[in-house]
Amino acid sequence: MTSPGNGDAPRHGDARSAELAERLDAVSHRIKAATVAAARSDTPRLIVVTKFHPADDVRRLAALGIADVGENRDQEAAAKAAGLTELDIRWHFIGQLQSNKAKSVAKYASSVQSIDRPQLVDALAKAVAREQDATGRGDLDCFIQVSLENDAGTHRGGAAPAMVGDLAARIESAAGLRLCGLMAVAPLGADPEEAFANLAGISAALRADHPSATAISAGMSQDLEAAVKFGATHLRIGSDILGSRPAVG
């Protein structure tokens, strides 16, 4: 199919919209089935990860009822957010974030889910304070990314579990930042149920000192059922909804 030109609204009922609707329906059924299997009364929030996919796909997803979109790179996220201000969506930054990008992210992000060091907390607090003075934006939802790797694993980012308490205290003491909970990625090649059970334990320890930090962002296309089983409140799904990444170049 031929995609609409950049800046043009996608046609209602085009083939890509139908494809996204079908994929979204399949993922929604998986989430509902996993929620029932886990005997949960709540349903995790779906964040559709749109990295490397065009802004028109975000428009299509919004038309299908998606309210939460995740991005991994500030340059791409900032451009999409600036071009889609008419949409009622929340932008979640979920990738590794350099401190010097905090000022940019504070302009559009509803949450940052990859906080892994004190310097980033401080940079975000400063950036959010500046943005609140300028625009009146709300507080930034903050997730501590915790590493679930063992020594033999391939590192996928995040703070060591022993650092979580200090990071949580630093976030809670910063004006403009709201401590929500934890984010993690299951280690490559590991049993996701074991990984997410570990994450649930880290979350329980965090909540003992910070009762409002109840969020757990975990689970992607390949392991969402395990994440739901062990209490994920936010699921970050990309390829099972959007398909393969578009060719670059």
Side-chain angles (χ1 to χ4, degrees), residues 47 49 51 68 70-78 90-129 139-188 190 192 195-210 212-220 223 227 230-236 238:
I47 299 172
V49 181
K51 63 180 181 180
D68 296 275
E71 288 285 341
N72 288 62
R73 301 187 305 170
D74 172 62
Q75 184 176 2
E76 180 179 356
R90 291 178 291 266
W91 296 91
H92 302 269
F93 192 86
I94 63 176
Q96 297 301 297
L97 181 61
Q98 297 177 346
S99 296
N100 62 5
K101 297 292 187 181
K103 183 177 179 180
S104 174
V105 169
K107 293 182 182 299
Y108 61 83
S110 171
S111 81
V112 172
Q113 299 199 1
S114 50
I115 297 175
D116 59 358
R117 60 196 186 280
Q119 298 90 335
L120 182 55
V121 176
D122 296 345
L124 287 169
K126 183 178 179 180
V128 170
D139 290 349
L140 178 70
D141 287 345
C142 295
F143 292 68
I144 298 168
Q145 183 176 359
V146 59
S147 173
L148 303 178
E149 310 287 349
N150 56 36
D151 292 340
T154 301
H155 192 61
R156 303 188 78 178
M163 293 178 58
V164 168
D166 289 343
L167 286 170
R170 201 177 193 99
I171 292 167
E172 280 215 326
S173 67
L177 304 186
R178 181 187 301 110
L179 176 64
C180 289
L182 302 177
M183 185 272 264
V185 181
L188 292 169
F196 294 141
N198 182 22
L199 179 61
I202 299 169
S203 175
L206 173 64
R207 295 196 308 274
D209 293 324
H210 304 275
S212 64
T214 57
I216 299 176
S217 177
M220 298 188 291
D223 55 22
F230 288 97
T233 60
H234 296 66
L235 303 168
R236 310 180 308 274

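Residues: numbered from 1 along the sequence shown.
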Heavy-atom pair with the smallest gap, counting every atom of Cys142 and Ile171: CB-CG2, 3.9 Å

Straight-line distance of Gln145 CD to Arg117 CZ, nearest 0.5 Å: 10.5 Å

Spatial distance of atom CG (Asn198) from atom OG (Ser203) [nearest 0.5 Å]: 11.5 Å

Shortest non-hydrogen contact between Glu71 and Ala77, atoms and distance: CB-CB, 3.5 Å

Exercise: identify the closest heavy-atom pair between Ser104 and Ala78: OG-CB, 3.9 Å

Trace of the side-chain contact (heavy atoms from CB on, under 4.5 Å) decision for Thr233 with Thr214: CA-CA 8 Å; Thr233 60; Thr214 57; 5.9 Å; no

Pairs involving residues 94-114, ordered by first then second residue, that meet salt bridge (charged side-chain N to carboxylate O under 4.0 Å, His left out) (sequence neighbours left out): Lys107-Glu131

Any donor-acceptor pair under 3.5 Å from Ser111 side chain to Gln113 backbone: no

Spacing of Ile144 atom CD1 and Leu120 atom CG [to the nearest 0.5 Å]: 11.0 Å

Contact check, side chains of Asn72 and Val49, non-hydrogen atoms, under 4.5 Å: yes

Closest heavy-atom pair and its distance - His210, Ala168: NE2-CB, 3.6 Å

Sub-4.5 Å side-chain heavy-atom contact between Gln96 and Asp116: yes

Nearest heavy atoms of Phe93 and Tyr108, plus distance in Å: CD1-OH, 3.7 Å

Ring centre gap for His234 and Phe143 strictly below 6.0 Å: yes

Straight-line distance of Leu235 CG to Met220 CE, nearest 0.5 Å: 11.0 Å

Side chains of Val105 and Leu140 in contact at under 4.5 Å (non-hydrogen atoms): no

Could you give the side-chain donor-acceptor pairs of residues 178-188 under 3.5 Å, partners two or more places apart or in another chain?
residue, atom, partner, partner atom, Å
Arg178, NH1, Asp141, OD1, 2.2

Check: Asp122 side chain, Gln119 main-chain N or O, donor-acceptor pair, under 3.5 Å: no

Residue pair Val146 / Ala160: nearest heavy atoms and the distance that separates them: CG2-C, 4.5 Å

Any donor-acceptor N/O pair, Arg236 side chain to Ser217 backbone, under 3.5 Å: yes

